[in-house]
Amino acid sequence: MEYNFKEIEKRWQQYWKDNKTYKTELDNSRPKFYVLDMFPYPSGAGLHVGHPLGYIASDIYSRYKRLQGFNVLHPMGYDAYGLPAEQYAIQTGQHPEITTVTNINRYREQLDKIGFCYDWNREIRTCDPKYYKWTQWAFIKMFNSYFNTKLNKACPISELIEHFEKYGTQGSNVSTNTGHEFTAEQWNNASDDDKYKALMNYRIAYLGDSMVNWCPKLGTVLANDEVSEGVSLRGGYPVEQKVMFQWCLRVSAYANRLLKGLETVDWTESLKETQKNWIGYSEGAEMKFPLVGSDEDLLIFTTRADTIFGVTFMVLAPESCYTAKVTTEEQKNAVEEYIKNTKKKTERERIIDKKVSGVFSGSYAVNPVTGKQIPIYISDYVLAGYGTGAIMAVPAHDSRDYAFARYFNLPIIPLIENCDISNESFDAKEGIMTNSSNEILQLNGLEVKEAIAKTKLFIEEKCIGKVKVNYRLRDAIFSRQRYWGEPFPIYYDDKNQAHVLDEKYLPLELPEVDKFLPTESGEPPLGRAENWKDAEGHRLELCTMPGFAGSSAYYLRYMDPHNDKELVSKENNEYWRNVDLYVGGTEHATGHLIYSRFWNKFLFDCGYVCEEEPFKKLINQGMIQGRSNFVYRIKDTNTFVSLGLKDKYDTTQIHVDVNIVDNDILDTDKFKAWRPEFNDAEFILENDKYICGWAVEKMSKSMFNVVNPDDIVDKYGADTLRLYEMFLGPLEQSKPWDTKGIDGVNRFLKRLWGLFYKNDDIIVNDDKPSAEALKSLHKLIKKVTWDIEHFSYNTSISAFMICVNELNAMKCANRQILKNLIVLLAPFAPHIAEELWHIIGENISVCDAEWPKFDEQYLKENNVNYTVSFNGKPRYTIEVATGTSKEEVEKIALANSAAEKWLDNKIPKKIIVVPNKIVNIVI
RNA sequence: GCUCGGAUGGUGGAAUGGUAGACACGAAGGACUUAAAAUCCUUUGGUCAUUGCGACUGUGUGGGUUCAAGUCCCACUCCGAGUACCA
């Protein structure tokens, strides 16, 4: 009987469905294990062969854990809100929901063919009102909370109001975006509107003016992680900086905990590093520089307080609130002109245009240590959003200050002995201080590190500043001027104050609109919705939430997906707790993986979840790139020349569909049929073949290098696809897809099949297994178990191949051996495993089998060979029984060497015996 | 610029400091076949020797530690990823 994968895979997929094999339920008698994939955004292009890589890896792990007796939660769903469906809706008028559902169905069809063990009963979609009810619910909780810096957690805003009533801001320990202070009396006498506005400065979800990335082409605001190099990640449109009044989440309040939490999770070092950089911890000092002719101080942030003697000017960000204050009448025009020009520049232009620019404000500040007056400049190289938006410039030891000083001809004072600053600044934090002493502070002769510490102490003692930690992490901008997203559970009253809806009105469903574009007056698309009002007739918020809203707590919802009373019940949350293994791409390192950690910590503070970190272990699967093929057309002709001969002609390289190329050899007939313009193509061949060139590129339609998993499943079967994707290379490494190696794993499955059948007869027997076969099996158990635990799936597949070849060579068809082999293979190739499992007479599903136990005893050999070497040169071999002690081996080696006269009466300096069969005698 | 990875045959890739190149692809030769496909067998890092069993060399480059280095240390070259006027 042939290995008929089509029939086998169809049959067992149906069996698993009928028997609800993958249905998971809470079971306190068994330990839990939660394996999660990053749920996909269902794009119109469908899955290509790269997408399932991570899903297969997590599926293998899930099945393995289940065979080991764990109650495994392995769900799947869809991140269904997003820009592409909406862009498509704008172009075609088709409702994004229709597009999304179509795409989801397509995804599901493709996923089902691969044989995953998802519990589809728990499927979630972020655009489902039953789901986004809980996204809105969490937002309400955030609106009603503030961050208490003393307790280092979120607390109810009502507690803060109480505190204000009694004590004002004194001792309030809050995380805020203003430094405003007031007394209880001031608070109690304040108007309702002032109180409303003041509280916005403390809420975790708040309305605030913030510098946003505005993308005019998409007509919406984007988060920092949705922008790269000044263009939008989706679409690649230019992005500009703009101040807007937006909903924000106070993620920055959690910066410290997000950083600390990284120490408790099992993620790769590189991913932790990426998050650490994004959070951007930096310890320094805030210092006050008095303004000349004013009572006010200029507050700056620096990590190099030790360079205070080298400060020759100050710089403010154009957007800084100090800017207007320090601009003198004479300089007013110049400053305004400069600010206008900076605003015009998009962020991309700012990056490309690295020219030094700036303007003198007209004012001076006083260096608090030297007492010297120094000029204040305004320049866009200082960022408003970081630190205080103002810096003390030390041109000798900061490259940006150096460039600025050179341009404006400002003095540069070196502070490190023997540093060369004739062409560039000396930025390194090393060397001996000089030019840095006066009657109040002496730093000369100190190492830079000592000087930093001494200056910090000095600053605090003299009250000219304080030691401060700054984070680069900003609050998340949470409004999108878009249709296809979660509506905010927010209404505005007559005084234009924002309020949260009562929870009983949740979910607040997304309304219908006639068009998915902004209104004529420039309002977001929800402005088109008729009667977009709450029960009392108040107008509702017009913005929707961003893409990351729905994905920030989805892993919690899978624990209890049908609960309409709670996000997740206490019982379910305490059983499933958090994700034990999370598999997904690194592209979410600074987006989703920060936001969901923040979201989870917030819910943890509120007592809704019992674990502070959502994802215990995280594996990043590498990207699968495409392998593009090229043909070479001789210029101005329709003649194509084979790769090896192309250098003799003047050619143009053209992408060719990889599906009509086999092994880099072009099917010329298919090529002619591929596109009309190639119908009469002619070819210059080498060895009667047309050889194509190739390159590794991103897998995409435009490169004609997309390989569809459905085609692979049709041709080779799901099991072959699964094995091959894992065999391709280490899971975490990016690698190009190349279908040509797939025959290897397909042959392996056929050989495996051949162990059970001879012609049409099942040849499995119940003889006592040979020692040799047992050894082969136990070698495999050991290897595969270790490999799965370490996600080294490619090498375990090699181990399977070796084992099957060995069993084949010894003509072993022993039931006991094969049964174990099948269970080991079941996580990797579940369909064929299930089939063979039933062929040898088992009744239950192989999914419910038990993972084989490894027994070292079977691996023991009868004797071991040791190569005896002298000074590292191998001389001869001795053979000893297994288990012979090191000392015994040494003795035998010495005795033999003396007999062979290698030792020649010399006393060996050293004898090294290592278990891997080498004895080295150093004479 | 900074941070983190990586570099091994024609290709994808194996190697707790201990016989480098497992396993697979590709290629070459052979068996079966009228023929092809499929299947099976042999060879396959390089150079030299192939009527011998072999010899030498070899993991990006240059040093070092070690009886022993692809693996550890130092310097460099190249490639990839993240981040970027973050003071």
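A, B, ... follow the sequence lines: proteins, then strands. Residue 1 opens every chain.
A distance of about 15 Å separates the P atoms of B/U57 and B/G62, rounded to the whole Å. B/A69 and B/G17 have their C1' atoms separated by 6 Å, with the value rounded to a whole Å. With P as the reference atom, B/C86 and B/A81 are 22 Å apart, rounded to whole Å. Rounded to a whole angstrom, the distance from the P atom of B/G30 to that of B/A35 is 13 Å. Here the separation of B/G45 from B/A24, taken at their P atoms, is 15 Å to the nearest Å. B/U59 and B/G21 have their C1' atoms separated by 9 Å, with the value rounded to a whole Å. Taking atom C1' on both B/A68 and B/A15, the two are 16 Å apart, rounded to the nearest angstrom. Nucleotides B/C79 and B/U61, compared at atom C1', are 15 Å apart to the nearest Å.
Sequence order on RNA chain B of the closest nucleotides to A/W786 and A/S270 puts A/S270 first from the 5' end. If A/R304 and A/S798 are placed on RNA chain B by their nearest nucleotide, the residue sitting closer to the 5' end is A/S798.
Base pairing annotation: B/A7 forms a Watson-Crick or G-U wobble pair with B/U77, both donor-acceptor distances under 3.5 Å. Under the Watson-Crick or G-U wobble criterion, with both distances below 3.5 Å, B/U71 is left unpaired in every strand shown. Base pairing of B/C2 is made with B/G82, judged by Watson-Crick or G-U wobble geometry with both donor-acceptor distances under 3.5 Å. Across all strands shown, B/U47 is found opposite B/A55 as a Watson-Crick or G-U wobble partner, with both distances under 3.5 Å. Using N1 to N3 plus N6-O4 or O6-N4 for Watson-Crick, or N1-O2 and O6-N3 for G-U wobble, each under 3.5 Å, B/U42 pairs with B/A28. Judged by Watson-Crick or G-U wobble contacts below 3.5 Å, the nucleotide B/A14 has no partner.
Under the 6.0 Å distance and 45° angle rule, A/R597 counts as a cation-pi partner of A/W267. For the pair A/R627 and A/W737, the cation-pi criterion (under 6.0 Å, within 45° of the ring axis) is not fulfilled.
A/P730 comes within 4.0 angstrom of sugar-phosphate atoms only, judged by non-hydrogen atoms across all strands, and of no base. Residue-level contact check: A/I802 touches the backbone only, with heavy atoms under 4.0 Å from sugar-phosphate atoms and none from bases. Residue A/R751 is classed as a sugar-phosphate contact, given heavy-atom separations below 4.0 Å to backbone atoms only. Nucleic acid contact for A/E269: none, since no nucleic acid atom lies under 4.0 Å from a heavy atom of the residue. Within the nucleic acid shown, A/N805 comes within 4.0 Å of sugar-phosphate atoms alone, with no base atom in reach, counting heavy atoms only. A/D427 comes within 4.0 angstrom of nothing in the nucleic acid, heavy atoms only.
Rounded to whole angstrom, the span from the NZ atom of A/K429 across to the P atom of B/C2 amounts to 14 Å. As a whole-Å value, the separation of A/L299 CG from B/A87 C1' is 13 Å. Whole-Å rounding puts the A/N277 CG to B/G1 P distance at 17 Å. Straight-line distance from the CZ atom of A/R400 to the C1' atom of B/A87: 5 Å, rounded to whole Å. One atom, CZ of A/F404, and another, P of B/A87, lie 19 Å apart when rounded to the nearest Å. If you take CD1 of A/I797 and P of B/A24, they are 12 Å apart, rounded to a whole angstrom. Following rounding to the nearest Å, A/D743 (CG) and B/C25 (P) show an atom-to-atom distance of 8 Å. B/G5 atom P lies 11 Å from atom NZ of A/K276, rounded to whole Å.
When distances are taken from the side chain of A/T590 to each of B/U3, B/A87, B/U83, the shortest belongs to B/U83. When distances are taken from the side chain of A/K750 to each of B/U39, B/A87, B/G82, the shortest belongs to B/U39. The side chain of A/T795 lies closest to B/A14, out of B/C85, B/A14, B/G82. Counting only heavy atoms from C-beta on, A/R472 has its side chain closest to B/C86 among B/A14, B/C86, B/C4. Here the nucleotide nearest the side chain of A/W278, chosen from B/A87, B/A84, B/A24, is B/A84.
Under the 90° criterion around 0 for the glycosidic angle, B/G9 counts as syn.
Checking the phosphate oxygens (OP1, OP2) of B/A87, a side-chain nitrogen or oxygen of A/S282 falls inside 4.0 Å. Taking 4.0 angstrom as the limit, A/Q733 places a side-chain polar atom (N or O) nearer than this to OP1 or OP2 of B/G13. The phosphate of B/A87 has OP1 or OP2 within less than 4.0 Å of a side-chain N or O from A/Y386. At least one side-chain nitrogen or oxygen of A/R747 sits closer than 4.0 Å to the OP1 or OP2 atom of B/U39. For the OP1/OP2 pair of B/C86 and a distance below 4.0 Å, the side-chain nitrogens and oxygens of A/N470 include no atom meeting the criterion.
When all heavy atoms of A/C812 and A/L755 are compared, the closest pair comes out as O-CD2, 3.9 Å. Summarising the geometry of A/F289 relative to A/A365, their closest heavy-atom pair is CB-CB, 4.3 Å, with the distance given to 0.1 Å.
Across A/K456, A/R304, A/K468, a single residue satisfies salt bridge (charged side-chain N to carboxylate O under 4.0 Å, His left out) together with A/E283, and that is A/K456.
Proximity of the aromatic rings of A/Y377 and A/F408 is defined here by a centroid distance below 6.0 angstrom, and this criterion is met.
Counting heavy atoms of neighbouring residues, nucleotides and ligands inside a 6.0 Å radius, atom NZ of A/K782 does not exceed 12 of them.
In summary, A/E806 and A/K779 engage in a salt bridge, as defined by a charged side-chain N under 4.0 Å from a carboxylate O.
Judged by distance alone, the side chain of A/N213 and the main-chain N or O of A/L222 form a donor-acceptor pair under 3.5 Å.
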